[in-house]
Every structure is written in structure tokens, then in C-alpha cells.
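Below is one structure, written out as C-alpha cells, with a few remarks after it.
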Amino acid sequence: MESELKSINPQPADQQPEPEPDDSPLLKSDPKTPEPETQIPVSSQTVEEMEQKYAAYVRHDVYGTMGRAELPLTEKILLGLGLVLLLPIRVVAGTIVLVSYYLICRVCTAFLAPNTEDEQEDYAHMGGWRRAVIIQSGRFLSRVLLFVFGFYWIVETRLNNEIEELLDNETASGDQSQTEDSERPGAIISNHVSYLDILYHMSSSFPSFVAKRSVAKLPLVGLISKCLGCVYVQRELKASNFKGVSGVVNDRIREAHQSPSAPKMMLFPGTTTNGDYLLPFKTGAFLAKAPVLPVILRYPYHRFSPAWDSISGVRHVVLLLSQFVNHIEVTRLPVYHPSEQEREDPKLYAENVRKLMSHEGNLIRSDIGLPEKRIYHAALNGNISMPTVLHPKAD
């Protein structure tokens with residue numbers, strides 16, 4: 001037995017064979033050689049660098065990154081009370097409001113075929129009492145839903161009341177003066193903070209949105225989006241379909257600029273932020289050369305931020321509905337009329353509108369977008385082995 005144990009005992013350190021020298025360089029000079037996909041530890045310095053680079057998506061409320069921070073005792077008690085007392089009531093009330101509006105839309109679209117031009121499907125150009133009922137009930141119930149979610153007051157600052165009255169007059173007579181026609185915006189331009197933005201704009205102006213094509217197939221929401229006149233696009237496919245959607249959007253903007261009864265287009269940046277930043281707008285929507293109405297949304301908070309940045313949808317809804325009070329502030333700027341130079345250069349037009357909104361709303365301009373948001377989310381979820389997470393490719 002002893003001989004067997006001796007045979008498996010390791011050799012002494014001085015008798016072990018020396019390792020072969022490795023002449024390979026520490027850093028490979030060939031950038032095309034792929035690196036092995038190993039798990040890269042994220043140090044505190046790396047986290048700080050990521051939060052600085054993707055600052056537009058970093059949460060700063062009590063609930064922290066991804067809404068999973070360790071809460072103080074007081075916040076735990078308040079959250080527990082909200083989960084027990086508020087969440088069930090608000091879920092039931094919100095469902096009742098949603099189903100009620102769906103039934104209204106179902107009645108108003110009964111025996112009618114949707115508009116299917118340009119590979120779209122909507123009821124936006126439906127007229128008469130049907131359209132009036134859809135708009136008025138939609139605006140009212142959207143405000144009711146915001147109330148159910150805890151937005152009891154909405155602080156609005158209107159810098160040009162005359163234009164606002166013209167914008168909100170969906171049933172205005174066709175005898176409009178040439179001055180009013182030139183003042184009427186074709187689109188509403190807004191920063192994007194949360195899915196709650198859509199509810200506010202529905203309650204205020206009831207515009208049409210750009211949405212993924214899959215939204216049209218969702219239960220309840222699908223029919224409502226068609227009554228809104230949403231322009232559907234498959235964002236993952238950047239082929240001729242994108243050009244077609246851009247053309248539809250510009251046609252809608254021109255039509256809304258010329259006709260008071262046409263639904264206006266609502267244009268957001270590519271994705272939501274934490275509310276402190278303003279991302280670039282798609283320049284294709286400014287090809288219509290029509291005036292636009294800039295609107296700035298803010299969600300002041302003390303504990304939970306309604307911004308939908310680095311938190312999952314389900315967790316965000318649960319935490320939002322568990323807050324006793326939520327706040328929203330709105331600033332509506334005067335209608336922006338493009339100069340001759342901006343009319344010829346849609347990129348300049350879009351950037352100048354963005355600069356104005358950034359200045360008036362005290363927002364920080366950032367040039368990152370949805371791809372960077374996905375990278376940041378991947379890192380937060382532990383997918384740090386991706387080579388583009390910590391060292392994304394240059395644009």
C-alpha cells in the first residue's frame with residue numbers, strides 16, 4: 001500500500017519539469033483573429049465606465065439598476081402596502097378601462113373594412129360619428145387610465161395657447177384661413193421616457209404612432225392601435241419595407257398639416273431613456289417639410305422613477321402600480337416652422353428641433369440608441385461574455 005501511495009505522490013517542486021517557454025505575444029497584432037468567448041469579470045471600474053457610456057439608460061431611483069436594489073426598511077413597508085392595497089385594485093380597474101375602450105372600438109368598426117393601402121391596416125380615416133366617438137372616448141379613457149395608475153394631476157405648460165387650441169380641434173370646420181393652415185403642425189415630436197408617454201398623448205391629442213407590426217396582432221391592443229391609425233413596421237427588417245413605411249409616415253404628416261380632420265403623427269426617438277437624455281430623431285420623418293409641435297415630458301419622482309430604462313416590463317408595471325402617487329409634467333413648445341435650409345436638409349431640421357427641445361427641457365443630448373441599450377441590458381443580465389458588450393464596435 002505504501003508503495004502505491006508513493007507512486008501517486010506528486011514530485012517535489014525541484015524535480016518537476018520546467019514548463020516550455022511561451023514566445024507568443026500578450027496582445028495579438030492581428031485584429032481579425034477572434035478571441036475565445038470566455039467569461040469576463042466586470043470590475044467596479046468597468047461598471048462605472050459602462051454607466052458613463054450608457055448613461056441615458058441608468059436608473060437613479062431608490063430601486064436602483066433593474067429595480068433590484070436593496071431597499072431601506074421604510075421603502076419595503078410602503079412597497080408592501082402598495083402591493084397589497086393598490087396593485088389588485090389598479091389591475092382590475094385598468095383591465096376594465098382597456099376592455100371598455102376595446103368594446104367601443106369594436107362597435108364603431110363593426111361592418112367596416114380597414115384601410116389596407118401601403119401594406120397598412122387601420123381605421124384612422126374613418127369619419128362621421130364613429131370617428132368622433134373613438135376620439136372622444138379614447139382621450140377620456142386614456143386620462144382615466146393614467147388616473148388609475150396614480151397620475152392624479154398633470155402639470156402642463158403651454159407656451160402658445162392659440163396653436164394648442166387649433167391642434168386640439170379635431171372637428172374644426174373645413175373653412176380654415178390660409179394662416180391657420182400654415183400654422184397647423186403635421187406631427188408631434190416628443191422625447192420618449194416610458195410606455196406611459198403613449199397614454200398621455202392619447203389623452204391630449206390622440207395622434208397616430210409608429211409601432212411594430214406585431215402590435216396589430218395583440219389582443220385588445222391590436223384593434224385599438226388600428227383605430228389610432230398606427231403605422232406598422234417590422235423594425236428588424238431594414239429593406240424596402242422601411243422605405244415604404246417612411247413614405248407612409250410622410251404622407252400622413254402632409255395630410256395632417258393640410259387637413260384638420262386628419263390624424264397627426266406622433267414621433268419619438270428610437271427608444272426610451274431615464275428621462276434626463278434626448279436621443280436622435282429619425283430624419284426620414286422630417287422629409288415632409290411640414291411644421292412640427294415639440295412636446296417635452298418629465299416624470300418627477302421621490303422613490304420610484306416611471307422611466308422605462310434598465311428594468312423589465314413586468315417588474316416596472318408592478319412597481320409603478322404599487323406607488324401611491326405618480327407625477328408627470330408636460331411642456332408644449334410653439335410650433336416649429338422649418339427654414340428654407342431646413343426644408344432642404346431633413347437631418348438639419350431634425351437636429352435643430354432636438355437642440356431646441358434639449359435647451360427648453362434641460363435635457364442632455366446623447367447619440368446612442370437601441371443597439372447600445374441592448375448591449376447595456378445584456379451586460380446587466382450577466383451576458384458579459386459577448387465581445388460587443390464591453391468593447392462594442394465603432395459605428
Side-chain angles (χ1 to χ4, degrees), residues 59 61-69 71-108 134 136-154 192-204 206 209 211-212 214-228 230 271-272 274-275 297-330 377:
R59 290 189 73 83
D61 62 359
V62 176
Y63 291 81
T65 302
M66 302 180 71
R68 297 179 179 178
L71 300 177
L73 178 60
T74 304
E75 184 62 30
K76 289 181 178 179
I77 295 175
L78 291 175
L79 178 60
L81 292 175
L83 290 172
V84 174
L85 302 177
L86 298 178
L87 182 62
I89 297 175
R90 287 176 170 173
V91 169
V92 173
T95 303
I96 293 175
V97 173
L98 180 62
V99 172
S100 299
Y101 188 52
Y102 168 80
L103 294 176
I104 292 174
C105 292
R106 177 60 67 186
V107 171
C108 292
I134 286 179
Q136 297 304 324
S137 61
R139 294 179 65 173
F140 173 74
L141 292 178
S142 297
R143 184 62 188 93
V144 170
L145 196 56
L146 285 173
F147 186 89
V148 169
F149 288 173
F151 294 91
Y152 307 124
W153 305 276
I154 297 180
H192 204 7
V193 185
S194 174
Y195 50 83
L196 299 165
D197 304 347
I198 297 175
L199 287 178
Y200 168 75
H201 287 294
M202 284 181 62
S203 68
S204 175
F206 205 80
F209 299 85
K212 293 191 295 184
S214 58
V215 172
K217 301 178 181 179
L218 294 176
L220 305 180
V221 177
L223 178 61
I224 295 175
S225 68
K226 294 175 184 178
C227 291
L228 277 166
C230 287
T271 185
T272 56
N274 58 15
L297 302 181
R298 284 280 196 180
Y299 294 87
Y301 64 91
H302 299 289
R303 297 158 46 225
F304 175 77
S305 171
W308 192 22
D309 35 42
S310 63
I311 185 172
S312 66
V314 174
R315 182 181 293 269
H316 187 278
V317 171
V318 171
L319 294 178
L320 176 75
L321 299 186
S322 301
Q323 306 304 310
F324 288 88
V325 180
N326 293 302
H327 304 276
I328 181 173
E329 296 178 354
V330 183
H377 283 192

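- The side-chain contact (heavy atoms from CB on, under 4.5 Å) check on Arg68 picks up Met66, Arg315, with sequence neighbours excluded.
- Shown here for Val148 and Gly94, the closest heavy-atom pair between the two residues is CG1-N, 4.0 Å.
- Judged by distance alone, the side chain of Arg298 and the main-chain N or O of Gly275 form a donor-acceptor pair under 3.5 Å.
- In summary, the aromatic rings of Tyr63 and His316 are positioned with their centroids too far apart to meet the 6.0 Å limit.
- Judged as a side-chain contact (heavy atoms from CB on, under 4.5 Å), and not counting sequence neighbours, the contacts of Leu103 are Val99.
- To the nearest 0.5 Å, the span separating CG on Asp61 from NE2 on His302 amounts to 13.0 Å.
- Remark: His192 NE2 to Thr272 OG1 distance equals 6.0 Å, nearest 0.5 Å.
- Using modelled atom types, no side-chain atom of His327 and backbone atom of Trp153 make a donor-acceptor pair closer than 3.5 Å.
- At least one donor-acceptor pair closer than 3.5 Å links the side chain of Arg59 to the backbone N or O of Ala307.
- Residues that satisfy the side chain to side chain donor-acceptor pair (under 3.5 Å) test with Ser305, not counting sequence neighbours, are absent from this structure.
- Enclosure of atom OH in Tyr301 by more than 12 non-hydrogen atoms of other residues, nucleotides or ligands within 6.0 angstrom is indicated.
- Annotation: salt bridge (Lys or Arg N to Asp or Glu O under 4.0 Å) contacts involving residues 214-227, sequence neighbours excluded, comprise Glu121-Lys226.
- Taking the ring-ring contact (aromatic ring centres under 6.0 Å, His included) definition, one finds that Tyr200 meets it with nothing, sequence neighbours left out.
- In this structure, Leu98 CG and Ser142 OG are separated by 10.0 Å, a value rounded to the nearest 0.5 Å.
- By the ring-ring contact (aromatic ring centres under 6.0 Å, His included) test, Phe140 pairs with no residue at all, sequence neighbours left out.
- For Val317, the side-chain contact (heavy atoms from CB on, under 4.5 Å) criterion is met by Tyr195, Leu321, not counting sequence neighbours.
- Under the rule for a ring-ring contact (aromatic ring centres under 6.0 Å, His included), Tyr101 has no partner lying at least two apart in sequence or in another chain.
- For Lys76, the side chain to side chain donor-acceptor pair (under 3.5 Å) partners are Glu70, not counting sequence neighbours.
- Take Leu86 and apply the side-chain contact (heavy atoms from CB on, under 4.5 Å) test, not counting sequence neighbours, and it matches Arg90, Phe324.
- Among pairs with a residue in residues 97-107, none fulfils salt bridge (Lys or Arg N to Asp or Glu O under 4.0 Å), at least two apart in sequence or across chains.
- Distance check, rounded to the nearest 0.5 Å: CG of Leu196 to CG of Leu320 gives 5.5 Å.
- A search for side chain to side chain donor-acceptor pair (under 3.5 Å) contacts involving Ser194 returns nothing, not counting sequence neighbours.
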